Chemist: 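This is the structure I want to talk about, given as structure tokens.
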Number of protein chains: 2
Amino acid sequence: MTAARTPTGAAPSRGRRPGRSTGDDRELAILATAERLLEQRAFGDISIDDLARGAGISRPTFYFYFPSKDAVLLTLLDRVTEEADAAAGDVLDRLAEDPRARWRELIGRFHAAFGGHRAVVLACAEVRGTNAEVRRLWAAVLERWVQAVQAAIEGERRRGAAPDGLPARDLAIALNSMNERVWYATFAGDGPAVAEQDVVDVLLDVWLTAIYRSTAPQPA
Amino acid sequence: MTAARTPTGAAPSRGRRPGRSTGDDRELAILATAERLLEQRAFGDISIDDLARGAGISRPTFYFYFPSKDAVLLTLLDRVTEEADAAAGDVLDRLAEDPRARWRELIGRFHAAFGGHRAVVLACAEVRGTNAEVRRLWAAVLERWVQAVQAAIEGERRRGAAPDGLPARDLAIALNSMNERVWYATFAGDGPAVAEQDVVDVLLDVWLTAIYRSTAPQPA
DNA sequence: GACGCGAGTCAACACCCTGTCGAGTGTTGT
DNA sequence: ACAACACTCGACAGGGTGTTGACTCGCGTC
């Protein structure tokens, strides 16, 4: 997981035009208001006015800090993916120790990271369809994870623990996609979904059978 | 697949109040305009005025035929899921003949049905986040498919072709979710995606390994 | 200690889209 | 002829977004 980290809160180009000053807390107030309101209602039902008032400023002033409502969400998403990257750490480098345990650790940590900010995750899913910026950011994040998983699968094949089969990249895409959609359903709670306490084990099982043809892969 | 079919075009409650008449072609014109415009731009970038003008009527008149823009999409979605249900047919009842071939047939037919209306599918994904009605309809459709797949998996386990493991329902949810998300990525073309000509085989491989722990399950 | 400058603020405006209301038009059965 | 119904649209109200231009305030400078 080669995370191109930036110090949290100083998003690359989004957020306010550069130049520190007293308005920093206003920016944070907007972000905090957004995450708070997102726990109560859908992103589409939150107006810029709501965000502004929640942060104690007027609507035009909001535009001084963020170019749009979506930019606020983007900044929130940045934080969550950074947290997920950090939580994932280097587990994939230690796969051979105990493959099943390490994969479970990976999936479990992602689950915890997303579950801790489900409001943000759900909001991103909500606007992914309409906002190209969110789509692009999410695509980039996913691409990093796909590459990491692809490399891990190739490593397991090289050491003889996993059989050959599908191109590792395709497999990595399919498995990551599954996780995304299954988590979404579990967090959103509408439609057929796996119960929250089971979801990590269900996903793990599919990952292991797809990669190893077995639910109990061998350590080195 | 127990499809509660309705004759295409006469959607249950959406669309106009019942009673055939001359306005039928107007209603179809709106639907046709919607599907055509959807191939050019995103659902959110199409206004009711666009739909109305495309069908040769004024905006208020549009409301005579549909209560909202979303209702048009819902009707379009109805058609597509009906088509997919019909295409799926009874393949799952004939699994034992040749499991790999039948599962491939199932996935391949769904792929063809969705791929033939990708604009509608992508538009539904776009609004699922914001429209409860679309969410509900999609959830109901998915639930039917999940139940059908769950029953099929249980059947394969009963006849000894598939080993025990995850609850069949959880497995069915995970696999259907994977398909949905992978197809979306392939059709949308943004973010990591499996190439269109490979996607059926990739999905099939994961289904088979998850269900049978093998890519070559035994016929009866 | 006035002066200028830039950060920060907001009332007011222009715009676009949605949904509704009420007053029409034409056709059709009696 | 006429009532009833399907159908149509001009005009309005409402709510959201994004922009403009003027205003305040703190602060370094001459």
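This is a predicted model, so every value here is computed, not measured. In what follows, chains are A, B, ... by sequence order, proteins preceding strands, each numbered from 1. Any value given below was found using the heavy atoms of this structure, including those in side chains, with hydrogens, waters and symmetry copies removed.
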Chemist: If I take atom CZ in residue A:Arg59 and atom C1' in nucleotide C:dA11, what distance separates them, rounded to the nearest angstrom?
Modeler: 11 Å

Chemist: Please tell me whether A:Thr75 and A:Asp78 have a donor and an acceptor in their side chains that are separated by less than 3.5 angstrom.
Modeler: no

Chemist: The side chain of A:Pro60 lies closest to which of these nucleotides: C:dT20, C:dC10, D:dG18?
Modeler: C:dC10

Chemist: Find the distance A:Asp70:CG to D:dG16:C1' and express it as a whole number of Å.
Modeler: 14 Å

Chemist: Atom CZ of B:Phe64 to atom C1' of C:dA23: distance rounded to whole Å?
Modeler: 16 Å

Chemist: With respect to A:Trp138, which candidate in A:Glu133, A:Glu180, A:Glu143 satisfies the side chain to side chain donor-acceptor pair (under 3.5 Å) definition?
Modeler: A:Glu180

Chemist: Counting side-chain heavy atoms from C-beta on, which of C:dC10, D:dC9, C:dT18 comes nearest to B:Ser47?
Modeler: C:dT18

Chemist: Quick check for you: among C:dC17, D:dG18, D:dG16, whose closest atom lies nearest to any side-chain atom of A:Tyr63?
Modeler: D:dG18

Chemist: Of the nucleotides D:dC9, D:dT17, C:dG19, which one has an atom closest to the side chain of B:Ile48?
Modeler: C:dG19

Chemist: Under the 3.5 angstrom rule, does the side chain of A:Asp170 hit a backbone N or O of A:Leu166 as a donor-acceptor pair?
Modeler: no

Chemist: Report the distance from atom CZ of A:Phe62 to atom P of D:dG16, rounded to the nearest whole Å.
Modeler: 14 Å

Chemist: Rounded off to whole Å, could you give me the CZ-to-P distance for the B:Arg53 and C:dC17 pair?
Modeler: 11 Å

Chemist: D:dG15 P sits how many Å from A:Asp49 CG, rounded?
Modeler: 12 Å

Chemist: Whole-Å distance between D:dT17 P and B:Asp45 CG?
Modeler: 16 Å

Chemist: Does the separation of the ring centres of A:Phe187 and A:His111 fall below 6.0 angstrom?
Modeler: yes

Chemist: Whole-Å distance between C:dA11 C1' and A:Ile57 CD1?
Modeler: 15 Å

